[in-house]
Structure formats: C-alpha cells, structure tokens
Number of protein chains: 2
Amino acid sequence: MTDGTYEALDEETLFLVSQTFKALGDPTRIRILHLLFEQELSVSNIAEKLDLNQSNVSHQLRFLKNLRLVKYRRDGKTIYYSQDDEHVMKILQQSIDHATHH
Amino acid sequence: MTDGTYEALDEETLFLVSQTFKALGDPTRIRILHLLFEQELSVSNIAEKLDLNQSNVSHQLRFLKNLRLVKYRRDGKTIYYSQDDEHVMKILQQSIDHATHH
DNA sequence: TTATAATATGAATATATGTTCATATGTGTA
DNA sequence: TACACATATGAACATATATTCATATTATAA
C-alpha cells in the first residue's frame, strides 16, 4: 500500500460491514440494543419500555438476530433476548458516548 | 443505573448516532471512505477508481460532508475530498478488519 | 380439550434511499 | 468574450425499509 496501490474491499467484507452498520443506522434498533447493554429482556418487556408495537420489536429482533447481534433463550412462553456481539456493542457504546459529550 | 433504572437516550443523541451509522450502512459510501483512509482525492478520481457515476459520487460526498465525515478544499477546477472524523474512520477501519479476519 | 399469554410471521403501505439523467454552476484558458 | 473541464444540483425512478394490522405458532394452565 506504500506504493500507491489501492487494495479494494472484497464484496463479502463490504456486504457484511455495511449490513452491520445498517443495523445500527436505525433509531429503533439502537434503542433496543441500548436496552440490552446491561440486561436480558423479553420481547414484551422491550416493547413496553420503549413504547413500541410488539410486532415491530419482533421484526427488529429478527433483523438483529440474523446478523448475530443478539441471541435468545426461551423460558416457557417467554423469550429473552440479549446481546451477542461484544465488538458491535462496544462500538455502539463508544459512539453514544462520543455523541453525548459533544 | 445499578438500581435497575433505565436511562433513555435523548432524541438528539439518537438521531446523531443513527445518522452516522446510516452513513456507514451503504457499500458505496464505505468504499469512498475506505479510499480516503490514506489519501485526499478529487471527485472524478474517486468516480474513476470505484467505477461510479460522477453525479453519484457527488451526491454521496454531500451526504458525508453534511455529517462532517469528510471535508474538501478547492484547487482550481478540482475539489479534493479527505476524511474529517478520526473517530468514525477508526471505527470503520476496525470493523473492516474484524469482518476480514472472520 | 379449550382458553390464554407470548412471540412470530406475512401482507400491506407509506416513506426513505441510491442511482441515473439532464442541466446548472463555477473555474481556468484561449 | 467563448469554450472546456470539474463538480453540484434537482427531478425522476426503482428499490429498500420501517411500521402496522391481522393472524399464525408455540407453550402453559384450567
């Protein structure tokens, strides 16, 4: 790279990175992930705390789950979601701090 | 926060953070920023290197400029763009590395 | 079994977004 | 001045996305 050659990003990396950032590019998903910083929560709990439609929360959680940003466990009728990507959560935390202190 | 109280994100922070990540949530903008990691480039140079429409590049640069992720300087007829947010560029670099090595 | 609670799913819809096209603006040069 | 070059802009369009509604699935309890 010191010779001025440009190393293009491969398609796969580009897709994965953009998808991940896309997940963080929506206020609702940020709020959900922010809730999951410190705790595991059920779908209805998240919906209640954020005043969101249950279906909406469920859709967003599926999105986040597909990207492996969250995971879930079932306990009876209830499904608890929690964070599943330290790196992304760290970046989100940093960015929120950065935005807050400015 | 240790008492279980949830500190909601304020609207302004939420908007700023989501907007910033939205900027990183598009392959074209990632490619542009990736180009600007190490060098300052003109609009036509970026368009050429990435095989993109000049107008498209210009639109995306405006988007990035509005968020102060890039800055520009004019030299005659040419306008050179360069990065303008170390924090965001660092996050992007980290995420690309993370995605590449996995 | 039936009823109820929690969650997931798919269709519908309105809005947002990325890209292209045509053209305007700005700058240097003959 | 007139022309060419570099970039910006706005309209148009196709596609993507977020949200809601209605309903399906899954699990527990009566």
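Just so we're clear, the structure is a prediction, and the values are computed from it rather than from any experiment. In what follows, chains are A, B, ... by sequence order, proteins preceding strands, each numbered from 1.
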Q: Rounded to the nearest angstrom, tell me the gap between atom CD in B:Gln60 and atom C1' in C:dT19.
A: 8 Å

Q. Is the phosphate of C:dA6, meaning OP1 or OP2, less than 4.0 Å from a side-chain N or O of A:Tyr81?
A. no

Q: Can you measure from CG (A:Leu33) to CD (A:Gln83) and round to the nearest 0.5 angstrom?
A: 8.5 Å

Q: Could you check B:Lys65 against A:Arg74 and say which one's nearest nucleotide on DNA chain D is further toward the 5' end?
A: B:Lys65

Q. In whole angstroms, how far is the P atom of C:dG18 from the CG atom of B:Leu52?
A. 13 Å

(Q) By the 4.0 Å heavy-atom rule, please label A:Tyr80 as base, sugar-phosphate, or nothing. (A) nothing

Q | Nearest-angstrom distance from the residue atom CZ of B:Arg62 to P of D:dA11 | A | 11 Å

Q) Going by modelled atom types, is there a donor-acceptor pair between the base of C:dT9 and the side chain of A:Ser55 at under 3.5 Å? A) yes

Q | Protein-nucleotide distance (B:Leu50, atom CG; C:dT19, atom C1'), rounded to Å | A | 15 Å

Q: May I ask you to say what A:Tyr72 touches in the nucleic acid, namely base, sugar-phosphate or nothing, with a heavy-atom cut-off under 4.0 Å?
A: nothing

Q) Taking atom types as modelled and ignoring hydrogens, do the side chains of A:Asp10 and A:Thr13 form a donor-acceptor contact shorter than 3.5 angstrom? A) yes

Q) Looking at C:dG26, D:dT9, C:dA8, which one has an atom nearest to any side-chain atom of B:Ser58? A) D:dT9

**Q.** Value in whole Å for how far the P atom of C:dT9 lies from CD of A:Gln54
**A.** 11 Å

Q.
In this structure, how many angstroms lie between the P atom of C:dT7 and the CZ atom of A:Arg73, rounded?
A. 12 Å

Q. Under the 5.5 Å and 30° test, is B:His59 stacked on the base of C:dT19?
A. no

(Q) Testing the 3.5 Å rule here: is there a donor-acceptor pair between the side chains of A:Thr100 and A:Asp97? (A) no

Q. How long is the line joining NZ of B:Lys22 and P of C:dT15, in whole Å?
A. 15 Å

Q) Near B:Lys90 NZ, under 6.0 Å, is it more than 12 heavy atoms from other residues, nucleotides or ligands? A) no

**Q.** Selected nucleotide, minimal atom distance to A:Asn53 side chain, candidates D:dT7, D:dT20, C:dA6
**A.** D:dT20

Q.
With rounding to the nearest 0.5 angstrom, report the OG to OH distance, B:Ser42 to B:Tyr72.
A. 15.0 Å

**Q.** B:Asn56 CG to D:dG10 P, straight-line distance once rounded to whole Å
**A.** 17 Å

Q: With heavy atoms under 4.0 Å as the rule, sort A:Ser44 into base, sugar-phosphate or nothing.
A: sugar-phosphate

